[in-house]
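Data first, discussion second: the structure below is written as C-alpha cells.
Note that ligands are numbered from 1 as they come in the structure, with each ligand's atoms numbered from 1 the same way.
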Amino acid sequence: METTLIILKPDAVQRGLMGRIISRFEDKGLQIIGCKLMKISEQLAATHYAAHKNRPFYNGLVQFMTSSPVLVMAVRGVGAIAISRSMMGATFGSKAEGGTIRGDFGVSNSFNLIHGSDSPEAAEKELGLFFNDGEVLDYQRAIEGWVYDISGGDPE
Ligand code: IDP
Ligand code: MG
C-alpha cells in the first residue's frame, strides 16, 4: 500500500470543484485517510516547490498557492502515486487529456487544480510537510474486500 499527498489547489476550492474531484478518488477505490482545508504559508510553499525555485513561473506559483485556501488529502491504495498522477493528467490544462481531472475541469497552464506527489520519496516528504501527527488515520474500510481481491492475503 502507498500513500500519496494530493492538494486541491486554490482554483479548485474557489471554483467549487472539491466535491467532484474528491468523488473521483473515492469512485476509483482509493482511500482517503487524511483531509483538511488549510492556507499554505509562503514558507511552506517555498519548501514544497523548492525544486522549481529557479524556474520563471516560480514566483507566480508561490503567489497562486498561498492566495486562498487549499484542500490537502492523504490518499492510500496499491500504486496510489501513479494512479493519482494518471487521474490528474498532464501538467497543463490546455494539454491534459479528456477523462483526467486537469483535462476535464481546466484550460489554464498555471491554474491546474491539483497537485499529486510524483514518487514514493516525494510522497513521504510531502505528507510530513502538510500533515501533523494524528491527522492521517489508519482505518479499515468495510468495503475493502470488494475494492481489492484479498483472498490471497495481499490486496490485488
Ligand atoms: P506537476 O504538478 O504536473 O508535477 P511540475 O512540472 O512539477 O508539474 O510543476 C509544478 C507546478 O508548477 C505545476 O503543477 C503548475 O502549477 C506550475 N507550473 C509548471 N510549469 C509551469 C509553467 O510553465 N507556467 C506556469 N506554471 C507552471
Ligand atoms: Mg511535479
Which of parallel (below 30°), tilted (30 to 60°) and perpendicular (above 60°) describes H115 and Y49?
-> perpendicular
Has the side chain of Q31 got a donor or acceptor atom that lies under 3.5 Å from a matching backbone atom of E144?
-> no
Judged by atom type as modelled, is there a donor-acceptor pair below 3.5 Å linking the side chain of R141 to the main-chain atoms of V147?
-> no
Give one line per pair: atom of ligand 1, protein atom, distance. Only N/O to N/O under 3.5 Å.
residue  : atom   : partner : partner atom : Å
ligand 1 : 2 (O)  : R102    : NH2          : 3.1
ligand 1 : 3 (O)  : T91     : OG1          : 2.6
ligand 1 : 3 (O)  : R102    : NH1          : 3.0
ligand 1 : 4 (O)  : R85     : NH1          : 2.9
ligand 1 : 4 (O)  : R85     : NH2          : 3.2
ligand 1 : 7 (O)  : H52     : NE2          : 3.1
ligand 1 : 8 (O)  : T91     : OG1          : 3.2
ligand 1 : 14 (O) : K9      : NZ           : 2.9
ligand 1 : 14 (O) : N112    : ND2          : 2.8
ligand 1 : 16 (O) : K9      : NZ           : 3.0
ligand 1 : 16 (O) : N112    : OD1          : 3.4

Would you kindly confirm whether M88 and I32 end up in one hydrophobic cluster when ILVMFWY residues are joined by side chain heavy atoms under 4.5 Å apart?
-> yes
Using modelled atom types only, decide if a donor and an acceptor are shared between the side chain of E126 and the backbone of L5 within a distance under 3.5 Å.
-> no
Kindly state each residue pair satisfying salt bridge (charged side-chain N to carboxylate O under 4.0 Å, His left out) with at least one member in residues 39-56, sequence neighbours excluded.
-> none
